[in-house]
Amino acid sequence: MFSYTGGIVLLAAVLHASWNAMLHGNRDRFLSMTWMSVAIAAVSTLVVLDHPLPPAASWPYIAASGLVHIFYNLCLVRSYRRTDLALAYPIARGSSPLIVTLGAALFAHEEIGPLRALGVAMISGGIIAIALQGRRVSRAGVLAALATGATIAVYTVIDGIGVRLAEGQALVYTAWMFLFYWLMPALFVAARGFAPLCRPVLAEPMSVAVSLAGGLVSIAAYGIVIWALQSDAMGAVSALRETSVVFAVLIGRLFLRETVSPTRWLACLVVAAGAVCLGL
């Protein structure tokens with residue numbers, strides 16, 4: 001896992017942490033995610049128009065994953081309303097690798113050895129420790145974050161199976177799945193109207209630009225993950241991807257001058273050790 005593919009998945013983790021850091025200061029998560037989705041869907045449309053259809057066997061998985069991704073976006077917005085980003089994000093990302101590992105075993109008949117199982121557990125446990133360290137946790141906030149983590153696990157397992165039926169066409173599979181992101185602006189307009197979506201283009205152009213850039217980074221990050229899911233264990237890929245939480249801590253310390261406690265550094269070391277276990 002760790003060789004070439006593992007390094008690429010870690011790059012995806014860095015990209016994932018980067019766009020989350022870019023969007024950290026945006027007050028309206030629903031609006032920001034909608035403009036991100038516009039960028040993702042627009043790029044996907046260009047790819048789809050320039051490539052042949054994916055194999056028919058992968059179509060049900062493309063549709064299922066696309067719809068689950070939309071539900072994930074809504075769950076994420078809801079979890080951010082229930083609790084703060086620094087708590088909701090790590091719980092959601094930390095809980096998903098364990099669920100992915102179980103789902104891959106049940107639905108894709110994947111086997112994972114003791115060392116990899118330990119690595120997944122260490123990464124998940126370390127990430128959740130980062131979230132919970134020194135924080136008061138509300139039941140509603142934790143439940144919302146766990147629901148988000150469950151949706152992440154569901155679409156990861158769906159994509160892990162679907163891309164393997166796409167006969168090596170990971171790019172096309174990804175693009176068709178992300179076409180469903182056109183539903184996000186439709187949902188936003190249905191909820192708030194067309195004017196609130198367009199008004200920030202003139203009133204807050206930098207905020208919209210950051211969201212669009214975040215969408216481009218996001219599609220690259222998850223596109224790498226789908227490519228890796230073609231041949232590697234889903235739980236291991238998911239766990240390595242979720243080391244993005246650790247990169248987010250490092251970005252916060254180096255660029256945002258955030259304070260990192262010794263306990264949080266220890267949790268980061270546990271996550272790093274888990275990643276090493278996946279590579280052995």
Side-chain angles (χ1 to χ4, degrees), residues 15-16 18-51 53-54 59-85 88-89 92-93 140-141 143-145 147-152 154-156 158-159 162 171-223 226:
L15 292 174
H16 199 280
S18 298
W19 70 254
N20 274 273
M22 291 164 62
L23 298 178
H24 187 275
N26 198 310
R27 295 184 303 275
D28 192 335
R29 301 284 177 185
F30 190 17
L31 177 64
S32 179
M33 189 166 290
T34 299
W35 278 110
M36 277 184 56
S37 299
V38 168
I40 291 169
V43 170
S44 297
T45 300
L46 294 177
V47 173
V48 162
L49 292 175
D50 194 46
H51 288 78
L53 289 170
W59 292 356
Y61 296 91
I62 289 172
S65 177
L67 293 174
V68 172
H69 267 86
I70 299 303
F71 186 65
Y72 155 74
N73 289 342
L74 298 176
C75 281
L76 191 59
V77 169
R78 180 177 175 81
S79 70
Y80 287 159
R81 289 173 180 167
R82 294 279 183 173
T83 189
D84 63 285
L85 175 67
Y89 178 73
R93 309 309 302 193
L143 289 176
T148 304
T151 60
I152 294 169
V154 169
Y155 73 61
T156 301
I158 291 172
D159 287 332
L171 175 64
V172 176
Y173 177 94
T174 304
W176 276 93
M177 183 273 292
F178 276 137
L179 281 183
F180 282 83
Y181 271 54
W182 283 121
L183 291 175
M184 281 300 295
L187 291 172
F188 185 93
V189 170
R192 298 190 186 178
F194 189 70
L197 177 63
C198 297
R199 190 180 300 119
V201 175
L202 297 177
E204 301 178 75
M206 184 56 66
S207 176
V208 173
V210 170
S211 297
L212 292 172
L216 297 179
V217 176
S218 175
I219 194 172
Y222 194 61
I226 291 182

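Computation of the quantities below employed the complete heavy-atom set of this structure, encompassing side-chain atoms and omitting hydrogens, waters and symmetry-equivalent molecules.
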Could you please spell out the steps behind the side-chain contact (heavy atoms from CB on, under 4.5 Å) verdict for L187 and L74? CA-CA 10 Å; L187 291 172; L74 298 176; 4.2 Å; yes

Would you sort out whether L212 and M36 count as a side-chain contact (heavy atoms from CB on, under 4.5 Å), showing the intermediate values? CA-CA 5 Å; L212 292 172; M36 277 184 56; over 6 Å; no

Report the C-alpha distance between R192 and D28 in whole Å, list the side-chain angles of each, state the deciding distance to 0.1 Å, and finish with yes or no for side-chain contact (heavy atoms from CB on, under 4.5 Å). CA-CA 12 Å; R192 298 190 186 178; D28 192 335; 2.6 Å; yes

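Under a 3.5 Å cut-off, the side chain of S207 and the backbone N or O of E204 do not form any donor-acceptor pair. Using a distance-only test at 3.5 Å, with no hydrogens or angles considered, no donor-acceptor pair links the side chain of W35 to the main chain of G215.
For T156, the side-chain hydrogen bond (donor to acceptor under 3.5 Å, both in side chains) test picks out R241, with sequence neighbours left out. F178 meets the ring pair (Phe, Tyr, Trp, His ring centres under 6.0 Å) test with H69, Y181; sequence neighbours excluded. With sequence neighbours excluded, the residues forming a side chain to side chain contact (heavy atoms under 4.5 Å, CB included) with T34 are F30, M184, P185, F188, L197, listed by chain and number.
To the nearest 0.5 Å, atoms CG (L183) and CD1 (I70) are separated by 5.0 Å. Atoms CG and CD1, on L179 and I62 in that order, are 9.0 Å from each other to the nearest 0.5 Å.
Here the closest non-hydrogen pair linking F180 and W176 is CD1-O, 3.9 Å. Closest approach of C75 and T151 over heavy atoms only: SG-CG2, 4.1 Å.
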Would you be so kind as to tabulate the donor-acceptor pairs closer than 3.5 Å made by side chains of residues 39-48, with sequence neighbours excluded?
from	atom 1	to	atom 2	distance (Å)
S44	OG	I40	O	2.8
T45	OG1	A41	O	2.8
T45	OG1	W182	NE1	3.0

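Just one of Y61, F71, Y222 meets the ring pair (Phe, Tyr, Trp, His ring centres under 6.0 Å) condition when paired with Y155; it is Y222.
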